[in-house]
Amino acid sequence: MTFFDVMFYVLAAMILLSAAIMVFAKNLIYNAVGLLFAFFGVAGLYVMLGADFLAATQLLIYVGGILVLLLFGVMLSQRITGLEMRTGTLQMLPAVIVCAGVVAILLRMIWMSPWQKTEVGEPAATTRTIGTLFMTDYLIPFEIVSVLLLAALVGAAFIGRRDAR
Amino acid sequence: MRELIDALLHSETFFAKLSPTLLTLIFMALGALLIVLVLALNALIAVYAERKVSAWMQERLGPMEVGPRGILQTLADTVKLLVKEDIIPAAADKRLHWLAPFLAFVAPCAAFAALPYARNFVFANFDIGVFYVTAITSLSVIALLLAGWASNNKWALLGGMRAAAQIVSYEIPAGLAILTIVMQVGSLNFNDISLAQDGGIHHWLIWRYFPFNLIAFLVFYLATLAECNRTPFDLPEAESELVAGFHTEYSGFKWSIFMLSEYAEMLLVALVGAALFLGGWSSPIPGFLNTGAWGVLWFGLKGVVLILTHMWLRWTLPRLRVDQLMHLSWKVLTPFSFACIVGVGLWMLA
Amino acid sequence: MTPVGLTHFLVLSAILFALGLLAVITKRNAVTVLMGVELIINAANINFIAFARYLDKDLDGQMFGVFVIVAAAASAAVALAIVLNIYQRMRSVNLDEADSLAG
């Protein structure tokens with residue numbers, strides 16, 4: 001067991017445990033806390049895979065942005081006085097069967113596929129390369145994504161207004 | 001860090017017999033312990049300093065009883081806090097009530113690992129140190145929201161939501177001001193940024209591209225002051241309207257952890273400001289004590305000066321209203337920081 | 001035990017995907033369904049980064065990862081605005097009750 005292996009199993013346990021809390025807890029805030037630790041674990045995986053820029057992006061956008069949005073959404077869309085923030089479930093048994101089937105298919109596919117593995121060296125610094133790629137090969141997607149963000153900003157502000165009529 | 005571990009592994013000492021995994025883990029634990037100890041010491045000194053500063057500004061004496069000139073007062077207060085009964089409201093959510101203060105403390109602690117303490121010394125020499133610090137500190141928003149909600153008290157909840165809204169708003173001008181510096185140095189690594197301003201006070205980035213960097217520093221200073229929830233931006237814990245904000249229902253040990261993280265965050269933003277704009281570990285006088293471990297002294301000194309200005313402002317200015325707060329963030333600081341980025345960018349092209 | 005490689009990451013992401021799917025299918029509350037969607041997106045992103053590390057010399061996988069995160073942020077913002085609007089109209093965010101478009 002190298003340090004890499006230990007870290008992987010620790011992070012994997014953390015991600016799956018917190019994702020399970022997210023899925024099976026009845027309380028909305030507990031779901032959000034489960035999601036928080038799952039995001040952290042995934043950021044840790046990115047670091048292990050040599051994607052440090054992406055790990056920081058994950059923390060900044062998911063934890064600092066999306067999760068705060070979700071928590072605000074929870075708190076603004078419930079009767080926030082009192083701890084009655086429950087979320088019900090529907091058709092748990094069929095859903096579990098379907099999801100187990102999906103996992104089985106995915107695992108079979110992972111084992112059957114002949115992956116063309118390349119040599120894995122020490123992870124190199126990625127930030128400069130990513131920045132260059134944004135301004136060269138990925139310029140069009142970059143611009144489209146910025147327009148998308150602007151549209152989402154305006155749209156969300158309009159839809160979320162109290163008197164959007 | 002990694003170099004040190006490698007050196008120990010190849011040395012003749014007893015460390016060479018341990019496995020690399022174990023040694024790495026031991027070093028990580030030791031580093032974390034060191035940071036926690038320094039932060040605890042920081043809170044002890046800062047609370048005393050704050051009380052003395054406020055006393056001087058109001059022509060009082062401040063704490064005088066415990067120890068010479070009262071310097072042991074905060075130590076006594078800490079002992080008192082630790083042995084106090086830990087009260088959890090009956091209707092609160094116990095588990096999250098426990099989790100929130102620790103989550104609030106983890107964020108600044110984790111950020112301290114990336115700061116440049118001296119020439120060629122950081123705990124973790126991140127390529128993306130600046131970005132990492134901005135990213136990890138956003139965790140404290142979640143902690144405050146959770147603390148407010150778990151207390152099951154309307155003052156706490158309102159305080160928590162106010163704090164979250166305030167921090168999220170002020171992260172944007174702070175991030176943009178940091179971007180101005182990152183753009184001109186061309187690196188997200190704290191050590192590169194400090195290296196770019198080595199060699200005396202006139203090389204500090206705050207003077208470069210005048211007046212854009214000066215404006216960027218002011219934007220960063222005000223925005224981070226607001227992120228620390230300090231007066232004049234202390235609406236989340238405005239005692240006259242919200243009792244004590246998100247930590248209304250906290251007492252004893254857990255309350256002291258909130259205080260610890262608040263002072264840790266103050267130190268963090270002061271040190272980040274010093275590293276980005278005020279030369280980091282480099283000496284203000286060219287060639288004077290500008291080597292090795294002296295860097296820690298200069299870096300700490302710059303941080304302390306910035307913290308003292310935080311305290312000075314706290315005891316001088318009244319509190320803003322919520323609409324003024326949002327006005328300042330979105331209509332003043334954010335446009336100014338954009339102007340800095342565009343100005344510096346054009347200047348660099350010219 | 002085999003050393004950790006590509007397969008380990010893929011298995012982890014498959015399980016994470018299934019958990020997200022489970023939340024999307026079973027939860028009644030719209031915000032929790034959104035959380036499930038975020039889990040699914042994270043699972044997909046783990047795959048992108050793992051492939052970028054183990055199968056590819058370039059950073060194309062990481063570029064996709066960045067775009068995925070940005071798109072997820074945009075969708076979360078719009079979706080939450082819709083949830084808040086539903087709440088203002090119906091005083092509830094349970095998806096099985098928001099059925100006024102069903103014939």
Side-chain angles (χ1 to χ4, degrees), chain A residues 2 4-5 8 12 15-16 19-20 22-23 28 31-32 35 38 42 45-46 49-51 54 57-58 61 65-66 69-70 73-74 76-77 87-92 95-96 98-99 102-103 106-107 110 115-118 120 126 129-130 133 138 141 145 148-149 152 155-156 159-160 162 164, chain C residues 1 3-4 6-12 14-23 25-29 31-32 34-36 38-39 42 45-46 49-50 52-57 59 62-63 65-67 69-78 80-85 87-88 93-94 96:
Chain A
T2 61
F4 189 82
D5 294 7
F8 176 80
I15 291 172
L16 292 182
M22 192 255 120
V23 177
L28 275 169
N31 295 342
L35 203 61
V42 173
L45 282 191
Y46 292 169
L49 289 167
L54 221 77
T57 313
Q58 163 99 0
I61 295 182
I66 295 178
L69 263 181
L70 285 171
V74 169
L76 292 177
S77 68
T87 169
T89 51
L90 294 169
Q91 292 153 349
M92 198 56 169
V96 168
V98 168
C99 291
V102 168
V103 172
L106 283 175
L107 290 187
I110 290 167
W115 303 108
Q116 304 274 326
K117 286 185 193 165
T118 53
V120 176
T126 58
T129 329
I130 287 180
L133 280 174
Y138 287 85
V145 151
L148 170 76
L149 278 180
I159 298 172
R162 200 162 284 276
Chain C
M1 258 166 134
V4 170
L6 177 62
T7 329
H8 290 72
F9 286 96
L10 294 184
V11 171
L12 175 65
I15 300 174
L16 196 61
F17 176 83
L19 282 171
L21 190 63
L22 192 60
I25 298 176
T26 57
K27 294 291 179 179
R28 289 180 69 204
N29 189 301
V31 181
T32 337
L34 263 180
M35 293 180 188
E38 300 302 336
L39 272 192
N42 264 277
N45 238 4
I46 293 176
I49 313 300
R53 176 98 173 107
Y54 286 101
L55 297 187
D56 191 11
K57 282 271 179 284
L59 286 180
Q62 294 197 19
M63 298 300 289
V66 176
F67 285 122
I69 292 180
V70 173
S75 71
V78 176
L80 273 167
I82 293 173
V83 168
L84 286 188
N85 212 333
Y87 178 70
Q88 279 162 21
V93 289
N94 285 343
D96 50 339

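All chains are named by letter (A, B, ...) in the order of the sequence lines, taking the proteins before the strands, and each is independently numbered beginning at 1. Basis for what follows: all heavy atoms, side chains included, without hydrogens, waters or symmetry-related copies.
Relative orientation of the A/F8 and C/F9 rings is perpendicular, given thresholds of 30° and 60° on the angle between their planes.
If you measure heavy-atom distances from C/L19 to chain A, the contacts under 4.5 Å come from both the backbone and the side chain. For a residue to count as touching a neighbouring chain, one of its non-hydrogen atoms must lie under 4.5 Å from one of that chain's; by this rule C/M35 touches chain A with backbone and side chain alike. Both the backbone and the side chain of C/A72 come within contact range of chain A, each with at least one heavy atom under 4.5 Å from a heavy atom of that chain. Contact annotation for A/L107: only side-chain heavy atoms (C-beta onward) come within less than 4.5 Å of a heavy atom of chain C.
Interface check for chain A: of the options C/I46, C/N42, C/L16, the most heavy-atom pairs under 4.5 Å are formed by C/N42. The greatest number of non-hydrogen atom pairs below 4.5 Å with chain A, out of C/I69, C/V78, C/I25, is found for C/I69. Contact count against chain A (heavy-atom pairs under 4.5 Å) is highest for C/I49 among C/L34, C/I49, C/L6.
The side-chain hydrogen bond (donor to acceptor under 3.5 Å, both in side chains) check on A/T126 picks up A/D52, with sequence neighbours excluded.
Using a 4.5 Å cut-off on side-chain heavy atoms (C-beta onward), A/L45 and C/L12 make contact.
Here the closest heavy-atom approach between residue A/L35 and residue A/L70 is recorded as CD2-CD1, 3.7 Å. Residues C/G65 and C/N45 approach most closely at CA-OD1, 3.2 Å, considering heavy atoms.
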